[in-house]
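A short worksheet on the structure shown next.
Starting from 1, each residue takes its place in the sequence as its number. Only heavy atoms go into these numbers, but all of them, side chains included; no hydrogens, no water, no symmetry mates.
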Amino acid sequence: MVVGVTVSFVFAAERRQLILEMVRANGAVSLRELARVVQTSEVTVRRDVRALEAEGLLDRRHGGAVLPGGFTRESGFPQKSHLATAEKTAIADLAASLVEEGEAIVVGAGTTTQELARRLARVPGLTVVTNSLLVAQALAHANRVEVVMTGGTLRGSNYALVGSGAEQSLQGLRVSKAFLSGSGLTAERGLSTSNMLSASVDRALVQAAAEVVVLADHTKLGTDTMFQTVPTDVITRLVTDDPPGHDDRAVTELQALADQGVQISVAGASGGATGGDPVPARQSRRDMPLPGPRRNQVHGTGPQLRTATVLGEQPPTGERERERAARVADLRRR
């Protein structure tokens, strides 16, 4: 869980100490979560984070703060499971709509892929190959879903099977799609993670799939971690949430990914978990037809940024928000 102390009011020094304690305890915390805990606005929290960064006590990242040191460390599962929960729910709803009845897919480890697995339990005739105990657990009681687990050594921090046993069990496997998450995503390096063993297994999962779908909320956009798992030119589609109004760098990162041919599917959760129902599968596929693997695409056709029906999107207010909304709308029309 995210470690924090709820207070009714704090002065700047106390507020910044609380922020620092939360980041030290969790490794990475979103601005939204920091604002909730210290009960102030994200604008105020962003100012506090800048001040703490100037003192070398933490580093700013898109939509949040992390421990200092350049590359972010990997948080444990209890911490990650309480970060960006509304966004992960919306992303999982949209990602599940990309799965057809009777498909064979691979699903990697992570809190967002665990949310996806809960929704895949309703897809009949599905075969899911995974190295994640949490994904397998979410599908354990699904009557018409077959779960195939890799071998390997259990990595307790994220309940995933890693190592040579996991990689060897994936040799010769071929499925339609791979659904993966990670610690960071940039247009320059693609998807990355902080653990070498996890990165190696994720690369083996990618090799087994015709299409690669990355699930990453906006806090991971622009974040770079130590080990590359999926290069940008191998990613078929990114499923993400709608970045908050102040996060211009996240929008810029999405544009850079689109320019490299990644299809962008946006589920709007920036206003909270207000979109109760998942996007209907058939409607989503009409809005966002999946192409063949990008590694086989004909060059020169030009990238396109595609979006799905937005869940719970809130209307922007203020000139800065209107400008940003216009940029996003322009991306969506491309």
Side-chain angles (χ1 to χ4, degrees), residues 28 61-64 66 70-74 80 84 87-88 91 94-95 98 105-113 116 131-132 158 160 162 167 170 175-241 243 247 249-266 288 290-297 299 301-306 331:
R61 287 293 182 269
H62 303 328
V66 301
F71 294 106
T72 60
R73 83 169 190 184
E74 182 180 34
K80 288 196 251 185
E87 290 86 346
K88 291 174 183 177
I91 290 168
L94 181 51
L98 303 175
I105 63 174
V106 295
V107 179
T111 53
T112 310
T113 52
L116 170 63
N131 69 319
S132 169
N158 64 346
V162 297
E167 296 170 42
L170 293 165
V175 298
S176 59
K177 299 182 185 75
F179 291 87
L180 298 176
S181 188
S183 302
L185 178 65
T186 66
E188 181 180 0
R189 292 185 72 220
L191 190 67
S192 62
T193 187
S194 303
N195 182 266
M196 180 174 62
L197 293 175
S198 295
S200 186
V201 174
D202 282 353
R203 285 192 288 267
L205 292 171
V206 167
Q207 290 298 317
E211 299 170 0
V212 178
V213 182
V214 170
L215 313 182
D217 64 76
H218 72 272
T219 64
K220 297 178 181 179
L221 296 176
T223 299
D224 201 1
T225 52
M226 191 172 296
F227 300 98
Q228 183 191 58
T229 57
V230 189
T232 305
D233 61 359
V234 176
I235 300 172
T236 307
R237 183 188 298 272
L238 166 65
V239 183
T240 188
D241 63 292
D247 202 346
R249 293 183 66 184
V251 175
T252 300
E253 199 71 45
L254 288 176
Q255 178 65 74
L257 288 163
D259 288 343
Q260 295 196 39
V262 178
Q263 292 192 27
I264 312 295
S265 301
V266 179
M288 303 180 304
L290 266 173
R294 285 179 51 247
R295 65 195 83 174
N296 295 329
Q297 281 184 352
H299 295 292
T301 57
Q304 291 187 347
L305 179 66
R306 300 176 185 270
L331 291 176

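Residues T113 and L215 meet the side-chain proximity criterion, which asks for heavy atoms closer than 4.5 Å. Considering only heavy atoms from C-beta on, V239 comes within 4.5 Å of V213 through its side chain. No side-chain heavy atom of L116 sits under 4.5 Å from any side-chain heavy atom of S181. A heavy-atom distance below 4.5 Å is found between the side chains of V262 and T232. Residues F179 and V106 have side chains not in contact (no heavy-atom distance under 4.5 Å, counting atoms from C-beta outward). Proximity of K220 to S183: side-chain heavy atoms (C-beta onward) are nowhere separated by under 4.5 Å. For the pair N131/L205, a side-chain contact is recorded, criterion being any heavy-atom separation below 4.5 Å from C-beta on. Put simply, the side chain of L257 reaches to within 4.5 Å of the side chain of L185, judged on heavy atoms.
When atom types are taken as modelled, the side chain of D217 and the backbone of E87 share no donor-acceptor pair closer than 3.5 angstrom. Here the side chain of Q263 pairs no donor or acceptor atom with the backbone of T236 at under 3.5 angstrom. With hydrogens and angles ignored, the 3.5 Å screen pairs a side-chain donor or acceptor of S192 with a backbone N or O of T225. Judged by distance alone, with hydrogens and angles left aside, the side-chain atoms of R237 form no donor-acceptor pair with the main-chain N or O of A95 at under 3.5 Å.
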Exercise. List the steps, then state whether salt bridge (charged side-chain N to carboxylate O under 4.0 Å, His left out) holds for R189 with D224.
Key: CA-CA 8 Å; R189 292 185 72 220; D224 201 1; 2.5 Å; yes
Self-check item: side-chain contact (heavy atoms from CB on, under 4.5 Å) assessment of N158 paired with S198
Solution: CA-CA 10 Å; N158 64 346; S198 295; 4.0 Å; yes
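Only one option out of V206, L238, V230 pairs with L191 in a side chain to side chain contact (heavy atoms under 4.5 Å, CB included); it is V230.
Taking both residues in full, the closest heavy atoms of T223 and T219 are given as OG1-O, 3.4 Å, listed atom of the first, atom of the second, then distance. Across every non-hydrogen atom of P243 and L254, the tightest pair is CG-CD1, 4.1 Å. Closest of all the heavy-atom pairs between V201 and L170 is O-CD1, 4.3 Å. Across S265 and L94, no two heavy atoms sit closer than the pair CB-CD2, 3.9 Å.
Note that CD1 of I91 and NE2 of H218 are 9.5 Å apart. Values are rounded to the nearest 0.5 Å. Distance NZ/K88 to OG1/T112: 5.0 Å, rounded to 0.5 Å. Between T240 atom OG1 and L221 atom CG the span is 4.5 Å, to the nearest 0.5 Å.
No side-chain N or O of T193 forms a donor-acceptor pair with one of N195 less than 3.5 Å apart. One side chain, E167 or S200, offers a donor N or O that lies under 3.5 Å from an acceptor on the other.
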